[in-house]
Structures are given as structure tokens and as C-alpha cells.
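The next block holds one structure in the form of C-alpha cells; read it before the comments.
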There are 2 protein chains.
Amino acid sequence: MHQHLIRNISAQIKLSQADQQLCSTYFEPVHFPKNRVIEEAGQVPQYLYYIVSGFMRLFHYNEQGDELTTHINCPPGFITSYTHFINGTKSNEYVECITNCELLKIDKSGLDKLCSQSSSFKDYSILVFQQSITYNENRSKELASLSAEQRYQNLLKNYPEILLQVPLQYIASFLGMKPESLSRIRRKNN
Amino acid sequence: MHQHLIRNISAQIKLSQADQQLCSTYFEPVHFPKNRVIEEAGQVPQYLYYIVSGFMRLFHYNEQGDELTTHINCPPGFITSYTHFINGTKSNEYVECITNCELLKIDKSGLDKLCSQSSSFKDYSILVFQQSITYNENRSKELASLSAEQRYQNLLKNYPEILLQVPLQYIASFLGMKPESLSRIRRKNN
DNA sequence: TTGTGCTGTTCATTAAAATCAAAAACATGA
DNA sequence: TCATGTTTTTGATTTTAATGAACAGCACAA
């Protein structure tokens, strides 16, 4: 499983043999069944997870008690409640495995050690941070300026695998619409 | 003008006398008139700007040629097309002064020197990054789950000064609605 | 001052999405 | 397998926001 991560990092940053060894030392393989919540709201997120296989999401409840899915991810990608994981503060979000998942997890002190022992990992973590900003800016832009149907079509174009594997109610919430609307949009687009 | 920035940073990170001196060395005061575009789309953003006074925005044009405002900021805050500024890549966004503005600008090499000469500034820049992530996540969440009217009310609650100083067409675009809709919402809320 | 352009408002209408209710399809475990 | 609960779809209706057109208010310059 570590090879999956090493291959993915290497596509963006050069890793020495020693770096690869560090990676195997600090990332721990775990797997979880479908529907398992692995980080709870109200607590400090324990781990950053790299997704080797499976689909995951972040969600929380709003004041009216509605469940809102804010993030959906799949390999090769990381997932956690970033800000709270980094700062060691309590998150109000749940991290859940949508399907069975194979993951590589690392806790905050592990990540700190990894970055202090290898500048490649420091560079990589900054890169991941930046990509997270870019991702969220793009998401805001789409939500602010595109219709529900255009947002669906963009997701279909960019992440078709999500449409096949993730329950539609989660996707609807993530796209900022109701499940009924997503269902109607899908009927039109067939 | 440097005191404005130093006071603002000091509220979050402890700065030594030497740090304060560095700050004054690397940030250069500039002022621009209302409506001046200070970074152009199609180019690498030259500077990161700290806003001492005035209101600024980021905007771009979509495929249909509509102007979309993606960010509005005021003191004490930074503005630039972050990812492109950091990576030295071409941005598709314009940075514009909405009102007359007093700013402190720093270029990429200045920021790098500042961070390499003082770990306080390194800590601070990570903090600003994180706040940018939090801000963007929250913006996505609001756009995905709140009605146009609720988004307006949140802006009114959190940034009332923007409503007073920024043309409503920009605010409407930023809130993901049409100017006519914003106008109607404002009538209802008076 | 008058005209011109720009910003914001209003109105009537249309289109998009939410809501409410029910049925159909699917998954899961006894 | 059947029974149960959950997810998705469908239909009728209401609500919300966009559209297109016109007008009012204001700023600025000739």
C-alpha cells in the first residue's frame, strides 16, 4: 500500500530512497468497512488519511439538523478536517468511509517528524495545502456562478467515478441541491 | 502605514523589534485611486497586498464574458491571486481597487526573504494560508446550503462595512446572485 | 446647465429549484 | 426467500431566483 502513496507523491516531488523509507515508517495502513465513521465531530481529528482505495466524505449537521456533505474524495487523495487536524482544535465534521476503504494514516506528530526529517515532504505538504486552496476556490466559483445542472455536468466530466460509487443523496448535498433535483437532472441527461 | 500591519500581525504572532524592522524593509507603501486595476489577468501576479485602507476585489470573466467577482476584502486583510502569486504562474484574475486604497505591497522574492530571515513570519504566513482555507471552505458551505437571502444576511452580519462601501453589482456577483435579486432582498430587509 | 453613462430599483414574466407526498427500486439481514 | 428499511424516482405544487425591459437617481463632464 505504501507504494501507491510513494508513486503518487513522486509524480509531483522527487523522493530519495531515504524519503521513501520514511514514508513507509510514518504512514500506517488501515482498512475500514463501508459506512464507518472514523473521525467524530466534537473532537480533534486524530489522523490525516491517504486513500488507496474506496470513497470517503466529510459531513456535518447544520442548525436545522440537516446533514451536509462538504467534501467527497477518492484515490489518489487525502482527507481530513485539515484546519483542525493541523491546529489540534476540535472539528465539527465527521470523516466517513462511504465504501470499504484501504487507507494510509498519519497523526500530527508523525507528519511533523516526517516534514522535519525530509524537506521533500515539507515541499509536498505545502503543495497539498495549495491544491486544497485551489480546489475550494474553484468549488466556490462553481457554486456562485453555475446552475445546478452545470454543476452536475462538471462533476460528471471531472469525477465520473464518484457518480458511480457514491450515494446520490451525498452527491446532491455536495453539489448544493436536493436529491429530487439531482434525480431530475440525471433523467434529463440520459 | 507599517504600524498598521505590525499591529495586526502582533495580534496573532509575537514579533521582535528585529522582525518589525524587517517588515518595514520588505513591505512597500503604495496608494491607488478608485477603480484602478493593479494586477492583470494573463500575467503572473507581481505582489501580495496588505490593505491599510480602502476596499478591493478579485474578478475575472467567464466563457460568456460575464464579469464574476470572487473575492472582496478590506482592512485588515491581504489580497492577491494566492496560488499564482506563490507558484509564479499566470493568473486569470484581476486585482482591483474599488475605492481609493492605501496598501503595503511585497513581491515573491521579498516574501521569501522575509520568511527565511524570521521564523515568526514563516509562522504567520502559514497562519494566513490556513485562514484562507477556512475562509474558502466556509464560503463554499454557505453557497451550497443557504438561500440567497441568508447569504446576504450573513454578509450584513459579518462584514456590514462592505455593504456600505462596495457597489451592489459586485456584491451580488460575490454572493452568487443577480443584482436585481440583491435589490429585492435589500428592500425586504429594510 | 443639460446631456450621457452608470448604478440601482421596479415590474411582469419565465425558468429553476425546493417542497410535499407517494411510489418504485434496491439492499440487507432474519 | 421474504420482510423491512433505505435510497431513488416521480408527480403536483409552491417558492425562489433569473430574465428582459423600463425607469429613477446620481455623478461627471462638456
Side-chain angles (χ1 to χ4, degrees), chain A residues 33-37 54-55 57 59 61-69 72 96-100 140-156 162-190, chain B residues 33-37 55 57 59 61-69 72 96-100 140-156 160 162-190:
Chain A
K34 184 173 169 173
N35 296 327
R36 174 67 56 84
V37 170
F55 290 81
R57 68 174 181 135
F59 72 96
Y61 296 95
N62 70 5
E63 311 76 43
Q64 289 83 49
D66 309 316
E67 184 189 293
L68 298 178
T69 294
I72 296 174
E96 187 188 78
C97 299
I98 296 171
T99 61
N100 293 340
S140 297
K141 202 172 75 180
E142 293 201 355
L143 287 163
S145 66
L146 301 183
S147 67
E149 182 160 352
Q150 290 171 311
R151 297 193 308 265
Y152 166 77
Q153 286 166 345
N154 278 1
L155 185 69
L156 182 60
I162 288 180
L163 269 302
L164 298 171
Q165 298 284 141
V166 176
L168 295 175
Q169 51 180 332
Y170 302 159
I171 296 173
S173 172
F174 177 68
L175 289 176
M177 67 184 81
K178 297 293 162 187
E180 296 93 326
S181 297
L182 178 57
S183 180
R184 277 182 260 271
I185 286 168
R186 279 159 56 85
R187 180 173 41 170
K188 268 212 301 184
N189 283 265
N190 278 344
Chain B
K34 184 174 171 173
N35 297 327
R36 175 67 55 85
V37 170
F55 290 80
R57 68 174 181 135
F59 72 95
Y61 296 95
N62 70 5
E63 310 76 43
Q64 289 83 48
D66 310 315
E67 183 189 294
L68 298 178
T69 295
I72 295 174
E96 186 188 78
C97 299
I98 296 171
T99 62
N100 294 339
S140 300
K141 202 173 75 180
E142 292 201 355
L143 287 163
S145 66
L146 301 183
S147 68
E149 182 161 351
Q150 290 171 312
R151 298 195 304 268
Y152 167 77
Q153 285 167 345
N154 278 2
L155 186 70
L156 182 60
I162 288 180
L163 269 301
L164 297 172
Q165 299 284 142
V166 176
L168 294 175
Q169 51 180 333
Y170 302 160
I171 297 174
S173 172
F174 177 68
L175 289 176
M177 66 184 84
K178 297 293 162 188
E180 296 92 329
S181 297
L182 179 58
S183 182
R184 276 182 270 271
I185 287 168
R186 280 160 55 85
R187 181 172 41 168
K188 270 212 299 183
N189 283 266
N190 278 343

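Lettering of chains follows the sequences in order, A, B, ..., and the numbering in each one begins at 1.
The B:K178 side chain lies nearest to D:dT19 when the options are D:dT19, D:dT10, C:dG8. Of the candidate nucleotides C:dT7, D:dG20, D:dT8, C:dT7 has the atom lying nearest to any side-chain atom of B:Q169.
The nearest whole Å value for the distance from the CG atom in B:D66 to the C1' atom in D:dT19 is 13 Å. Distance A:K34 NZ to D:dT7 P: 10 Å, rounded to the nearest Å. Rounded to an integer number of Å, the gap from CG of B:L168 to P of D:dG25 is 16 Å. When the C1' atom of C:dG8 is taken as reference, atom CZ of B:R186 falls 9 Å away, rounded to whole Å. Protein atom CD of A:E180 is 17 Å distant from nucleotide atom P of D:dT14, rounded to whole Å. Taking atom CE of A:M177 as the reference point, atom P of D:dA17 lies 16 Å away to the nearest angstrom. Taking atom CD of residue A:Q150 and atom P of nucleotide C:dA15, one finds them 16 Å apart after rounding to whole Å.
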*Decide side-chain hydrogen bond (donor to acceptor under 3.5 Å, both in side chains) for A:E142 and A:N154; before the verdict, give the C-alpha distance in whole Å, the side-chain angles of both, and the deciding distance to 0.1 Å.*
CA-CA 9 Å; A:E142 293 201 355; A:N154 278 1; 2.9 Å; yes

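Side-chain contact between A:I185 and A:M177: present, with at least one pair of heavy atoms (C-beta onward) separated by less than 4.5 Å.
A:Q153 and A:N189 are linked by a side-chain donor-acceptor pair at a separation below 3.5 angstrom, with hydrogens and angles left out of the test.
With hydrogens and angles ignored, a donor-acceptor pair under 3.5 angstrom links the side chain of A:R184 to the base of D:dG11.
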